[in-house]
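As a basis for the values below, the full set of heavy atoms in this structure was taken, side chains included, without hydrogen atoms, waters or symmetry mates.
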Amino acid sequence: MSVLEVNNIYKSFGKTEVLKGIDFSLEQGEVLAIIGSSGSGKTTLLRCLNFLETPQKGTIKVNDNLIFDAEGPKYSDDEIRLNRLHFGLVFQQFNLFPQYDVLQNVTLAPTLLKKGTEEEIETSARAIIESVGLSDRITHYPCELSGGQQQRVAIARALALHPDILCFDEPTSALDPELTGEVLKVIKELKTKKTTMIVVTHEIEFAKEVADKVIFMADGVIVEQGTPEDVIVNPKNERTQ
């Protein structure tokens, strides 16, 4: 059974078609890398999965449960919030709360959603912060952290809600090469723990090394998908080549 099934997703903004029938599935513990040029629809696809955008057509299933059907009744705000919890999203620009330290940034959402007692939430958060290598920065504020450290806090924050699928929207695009290495190392470690992930990235070597599946998008469609060997090393489509 697939953790995620995406079928025939269409998304337009006005007369501009951004996604034109996207289909793919993902198994438990798999890492999917989505590559392609700017404007190909990669980020819009992630935003649709996270209910930050609403597709005009298509369905989304998580663990064989239908969580979105464009032809079904309109979803309430409560239903959208509940469905969104299946996905954790790590943005390009960190989006940490500047007034909160590392621990507070990570515990905020579980606390608001009452995901346990205060002690349970803090214990879990400390373990996650340790797993991304930031135990020694737990009382620091975002302004006291490097870009790579801030992105690792953002990853810890997404993990704190224990999502079924962790999504990254070009997590290293705002970082220099040294800090990029820090973040990619964390993602590699998450893979060893069988974390199911979707990574939108321009880091082709990283995609080749870490991904189980690769999707190449262009002009709102999936041009080619398969293993890294298929798509990156031996691409068949002229655009991918």
Side-chain angles (χ1 to χ4, degrees), residues 1-27 30-75 79-80 83-84 86-93 163-173 196-204 206-208 210-241:
M1 183 180 74
S2 298
V3 173
L4 175 66
E5 295 178 49
V6 175
N7 294 296
N8 202 35
I9 292 291
Y10 280 78
K11 176 63 184 175
S12 298
F13 295 98
K15 294 182 180 179
T16 304
E17 284 189 316
V18 180
L19 299 176
K20 307 170 188 176
I22 301 297
D23 296 280
F24 68 90
S25 63
L26 199 57
E27 302 297 320
E30 283 188 329
V31 179
L32 168 66
I34 304 179
I35 60 177
S37 60
S38 297
S40 59
K42 307 184 301 297
T43 293
T44 299
L45 174 57
L46 276 195
R47 290 178 64 84
C48 287
L49 294 178
N50 284 273
F51 293 87
L52 297 173
E53 302 289 353
T54 303
Q56 281 89 11
K57 293 183 186 178
T59 62
I60 301 170
K61 288 184 178 181
V62 174
N63 295 322
D64 214 28
N65 295 315
L66 185 66
I67 67 167
F68 176 80
D69 183 353
E71 296 184 359
K74 192 173 187 296
Y75 292 86
E79 287 173 320
I80 289 172
N83 288 335
R84 192 174 279 152
H86 291 291
F87 300 89
L89 180 57
V90 180
F91 299 90
Q92 296 179 36
Q93 299 295 336
D164 295 295
I165 301 140
L166 188 57
C167 302
F168 296 85
D169 185 12
E170 297 187 22
T172 61
S173 64
T196 308
M197 292 182 278
I198 300 174
V199 186
V200 169
T201 183
H202 289 298
E203 301 279 344
I204 301 300
F206 169 75
K208 188 164 69 174
V210 174
D212 301 292
K213 293 180 179 177
V214 176
I215 283 174
F216 175 72
M217 289 183 66
D219 302 321
V221 299
I222 294 176
V223 175
E224 198 161 349
Q225 64 176 310
T227 66
E229 181 74 17
D230 293 335
V231 178
I232 297 174
V233 182
N234 299 300
K236 295 175 179 61
N237 185 277
E238 184 179 345
R239 184 74 182 266
T240 317
Q241 292 170 355

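The distance from atom OG1 of T201 to atom CG of D169, rounded to the nearest 0.5 Å, is 10.0 Å. Taking CG of L49 as the start and CG of N83 as the end, the distance is 12.0 Å to the nearest 0.5 Å. Interatomic distance, I215 CD1 to M217 CE, rounded to the nearest 0.5 Å: 7.5 Å. Distance check: L26 CG to S2 OG gives 8.0 Å after rounding to the nearest 0.5 Å. Atom CZ of residue R47 and atom OG1 of residue T54 lie 10.5 Å apart, to the nearest 0.5 angstrom. For the atom pair L45 CG and I34 CD1, the distance stands at 5.0 Å (nearest 0.5 Å).
Note on E30 versus K213: salt bridge recorded, some NZ/NE/NH1/NH2 to OD/OE distance being below 4.0 Å.
For the residue pair C167 and N50, the shortest heavy atom distance occurs at SG-ND2, 4.0 Å. The shortest heavy-atom contact between D230 and E224 is O-OE2, 3.9 Å. Closest non-hydrogen pair, Q225 versus D23, comes out as NE2-O, 3.4 Å. Closest of all the heavy-atom pairs between K42 and E170 is CE-OE2, 3.9 Å. For the residue pair P228 and A211, the shortest heavy atom distance occurs at CG-O, 3.1 Å.
Counting heavy atoms from C-beta outward, T196 and L32 have side chains that stay 4.5 Å or more apart. In this structure the side chain of P55 never reaches within 4.5 angstrom of the side chain of L19, judged on heavy atoms. The shortest side-chain heavy-atom distance between L46 and F87 does not fall under the 4.5 Å cut-off. With a 4.5 Å cut-off on side-chain heavy atoms, H86 and L4 do not count as touching. Under the 4.5 Å side-chain criterion, counting only non-hydrogen atoms from C-beta, I232 is not in contact with F216. Side-chain atoms of F13 and T44, non-hydrogen and from C-beta on, do get closer than 4.5 Å to each other. Residues I222 and I22 form a side-chain contact, since some pair of their non-hydrogen atoms from C-beta on lies under 4.5 Å apart. Put simply, the side chain of T59 does not reach to within 4.5 Å of the side chain of N8, judged on heavy atoms.
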message = Assess the residue pair L89 and L52 against the criterion (side-chain contact (heavy atoms from CB on, under 4.5 Å)); give the C-alpha distance rounded to whole Å, side-chain angles, the decisive distance to 0.1 Å, and a yes or no.
response = CA-CA 11 Å; L89 180 57; L52 297 173; 3.7 Å; yes
task = Could you walk me through whether E5 and D64 pass the side-chain contact (heavy atoms from CB on, under 4.5 Å) test, one step at a time?
result = CA-CA 8 Å; E5 295 178 49; D64 214 28; 4.0 Å; yes
task = Assess whether side-chain contact (heavy atoms from CB on, under 4.5 Å) is satisfied between V18 and E53, documenting all intermediate values.
result = CA-CA 12 Å; V18 180; E53 302 289 353; over 6 Å; no
message = I'd like to know whether S173 forms a side-chain contact (heavy atoms from CB on, under 4.5 Å) with H202, so could you lay out the CA-CA distance, the side-chain angles of the two residues, the decisive distance to 0.1 Å, and finally the verdict.
response = CA-CA 8 Å; S173 64; H202 289 298; 5.7 Å; no
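Between the side chain of S12 and the backbone N or O of K15, no donor-acceptor pair lies under 3.5 Å.
Few gaps surround NZ on K20; more than 12 heavy atoms of other groups in view lie less than 6.0 Å from it.
Taking the six-membered ring for Trp and thresholds of 30 and 60 degrees, Y75 and F68 have nearly parallel ring planes, at less than 30 degrees apart.
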